[in-house]
Amino acid sequence: MAHDKLTVAVLGPGGVGGLLAALLARTGHRVICLAGETTTDTLRTTGIRVRSARFGDFTADVEAATELREPVDVCLITVKHTALDAALARVPVSALGDGLIVPFLNGVEHPSFLRSRYRPDQVAPAVVRVESTRVAPGVIEHTSPFAEVDLTGDPVSRERLDTPAAAFAAAGPTTRVLDDETAALWAKMSFLAPFALLTTRYALPLGDVRSRHRDELTALVAETAAVSRACGGPADPGQALARYDAFPPGTKSSMQRDAEAGRPLELDAIGGALLRAAERHGVPTPVTAKLVRELKDAGH
């Protein structure tokens with residue numbers, strides 16, 4: 001990956017994947033989107049159309065296929081965790097070559113799963129902070145004023161991380177390379193889990209959750225921080241609450257949007273993973289357990 005222009009595969013060109021694919025393609029990288037036949041047919045015909053207050057409204061031409069058939073420099077994994085196992089059939093190990101796998105997935109358990117399938121030194125987990133939605137195949141609405149990427153990967157050399165990081169940064173998102181994979185993933189988990197579980201459980205945007213269910217939010221933030229600390233991640237409940245308070249009141253979590261649309265929820269990847277980590281380290285998490293149980297009882 002020493003050359004300036006990369007060949008990048010994007011598995012799942014949805015809200016996050018479609019935005020990153022379009023931004024990278026606009027910057028001159030070769031982008032191959034991997035998806036089902038309907039989506040690939042659309043992308044081949046119309047490209048990816050982006051509507052973004054930050055990056056502008058534009059259309060980017062991309063290639064599209066139902067399966068990876070040639071080596072790439074980087075393969076972004078941007079499907080939902082609920083579809084991960086089936087989607088990976090589109091990225092055969094034999095076709096990937098030495099390409100770097102960069103998963104943008106919620107939770108903390110996916111790196112070990114991916115490293116059981118691909119070479120461990122090829123998996124570089126990433127964290128993205130963005131509000132971006134696929135409103136139709138090939139049509140992406142980026143509604144947040146920010147788009148931030150943290151790239152990490154303990155078994156991956158810094159040089160291998162720097163190359164895609166430079167590509168992301170040049171394409172638009174604010175990008176960092178972090179040395180501690182565990183800290184990076186738990187930093188996101190500590191913020192995401194309370195946000196996702198509470199907005200979904202009460203079917204309320206964040207503003208109503210933080211005013212009407214403040215005590216539960218505070219308790220859940222404390223539990224999540226304690227688990228993060230036990231796992232070697234950051235733990236600052238006060239900072240987490242301050243971040244929630246700074247968000248626009250109408251903000252919804254992606255899990256809540258999935259529930260509203262009747263799509264499968266990443267409940268196990270977020271709530272389940274949090275409970276499993278808590279059990280391993282002997283950290284009590286009664287509020288988390290109650291919320292996960294209530295969401296399961298509601299059919300999620």
Side-chain angles (χ1 to χ4, degrees), residues 12-20 50-55 78-84 104-108 126-137 139-150 173 185 187-221 223-224 237 239-274 287-288 290-300:
V16 170
L19 177 65
L20 293 175
V50 173
R51 297 194 287 264
S52 169
R54 174 169 176 180
F55 300 121
T78 54
V79 295
K80 291 283 188 179
H81 211 292
T82 51
L84 178 61
F104 289 88
L105 293 166
N106 290 326
V108 293
V127 171
V128 62
R129 288 175 290 276
V130 69
E131 197 165 349
S132 183
T133 305
R134 187 189 87 151
V135 295
V139 182
I140 307 297
E141 287 188 353
H142 169 220
T143 54
S144 61
F146 54 85
E148 301 169 354
V149 170
D150 290 341
L185 293 177
K188 180 175 181 180
M189 182 73 146
S190 297
F191 178 80
L192 175 64
F195 176 39
L197 294 174
L198 286 169
T199 56
T200 306
R201 166 63 181 87
Y202 294 111
L204 293 170
L206 182 57
D208 289 331
V209 165
R210 66 193 181 206
S211 61
R212 293 163 58 178
H213 300 278
R214 185 76 181 189
D215 290 346
E216 203 166 4
L217 174 62
T218 302
L220 189 55
V221 166
E223 287 184 4
T224 308
Q239 184 182 59
L241 285 171
R243 287 183 66 197
Y244 292 128
D245 288 337
F247 267 61
T251 303
K252 295 182 177 183
S253 67
S254 60
M255 184 187 287
Q256 180 184 3
R257 294 186 187 278
D258 285 341
E260 291 172 346
R263 293 187 291 262
L265 303 190
E266 294 184 303
L267 183 59
D268 186 66
I270 298 172
L274 183 59
V287 178
T288 305
K290 178 181 80 73
L291 286 167
V292 170
R293 183 174 60 251
E294 289 172 348
L295 285 165
K296 286 181 178 178
D297 290 345
H300 299 306

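Along the sequence shown, the residues carry numbers beginning at 1. Atoms considered below: every heavy atom in the structure, side chains included; atoms not considered: hydrogens, waters and symmetry mates.
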Taking all atoms of both residues into account, what is the closest heavy-atom pair of [X] and [Y], and its distance?
| X | Y | result |
| --- | --- | --- |
| Pro205 | Gln256 | N-NE2, 3.9 Å |
| Pro194 | Met189 | CD-O, 4.2 Å |
| Leu217 | Leu198 | CA-CD1, 3.5 Å |
| Met255 | Ala196 | SD-O, 3.9 Å |
| Ala273 | Val108 | CB-CG2, 4.4 Å |
| Gly271 | Val292 | CA-CG2, 3.8 Å |

* Quick one: is the NZ or CZ of Arg212 closer than 6.0 Å to the six-membered ring centre of Tyr202, and within 45° of its axis? ->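 Geometry flag: not set, cation outside 6.0 Å or 45°.
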
Whether [X] side chain and [Y] backbone form a donor-acceptor pair below 3.5 Å:
| X | Y | value |
| --- | --- | --- |
| Thr78 | Gly12 | yes |
| Thr251 | Pro248 | yes |
| Glu148 | Arg129 | no |

Separation between [atom1] of [X] and [atom2] of [Y], rounded to the nearest 0.5 Å:
| X | Y | atom1 | atom2 | result |
| --- | --- | --- | --- | --- |
| Leu19 | Arg134 | CG | CZ | 14.0 Å |
| Leu84 | Glu266 | CG | CD | 9.5 Å |
| Ile270 | His81 | CD1 | NE2 | 9.0 Å |
| Ser132 | Leu20 | OG | CG | 8.0 Å |
| Thr133 | Arg51 | OG1 | CZ | 10.5 Å |
| Phe191 | Arg243 | CZ | CZ | 4.5 Å |

* Asked: Charged N to carboxylate O under 4.0 angstrom, Arg201 versus Glu216?
  ->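 Looking at Glu216 together with Arg201, the answer is no, because their closest N to O distance does not fall below 4.0 Å.
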
* Salt-bridge present (Lys290, Asp297; N to O < 4.0 Å) ->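 The answer is no: the pair does not qualify as a salt bridge.
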
* Show your reasoning for whether salt bridge (Lys or Arg N to Asp or Glu O under 4.0 Å) applies to Lys296 and Asp268. => CA-CA 10 Å; Lys296 286 181 178 178; Asp268 186 66; 5.7 Å; no

4.5 Å side-chain heavy-atom contact, [X] and [Y]:
| X | Y | result |
| --- | --- | --- |
| Asp150 | Lys188 | no |
| Glu260 | Lys252 | yes |
| Pro173 | Val128 | no |

* Asked: side chain to side chain contact (heavy atoms under 4.5 Å, CB included) with Glu223: which of Leu274, Thr288, Thr218?
  ->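 So the option named by the test is Thr288.
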
* **side chain to side chain contact (heavy atoms under 4.5 Å, CB included), paired with Asp258, selected from Leu265, Thr200, Leu267, Thr82** =>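 The side chain to side chain contact (heavy atoms under 4.5 Å, CB included) with Asp258 is passed solely by Leu265 among Leu265, Thr200, Leu267, Thr82.
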
* Measure up the Phe247 and Phe146 rings against each other and bin them: parallel (under 30°), tilted (30 to 60°), perpendicular (over 60°). =>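 Phe247 vs Phe146 ring planes: perpendicular.
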
* Kindly assign one of parallel, tilted or perpendicular to the pair Phe195 and Tyr244, based on the angle between their ring planes and the thresholds 30° and 60°. =>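 Ring orientation of Phe195 relative to Tyr244: tilted.
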
* To do: Kindly write out the residues that satisfy salt bridge (Lys or Arg N to Asp or Glu O under 4.0 Å) with Arg210, not counting sequence neighbours, or none if the list is empty.
  =>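 Partners of Arg210 by the salt bridge (Lys or Arg N to Asp or Glu O under 4.0 Å) criterion come out as none, since no residue qualifies.
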
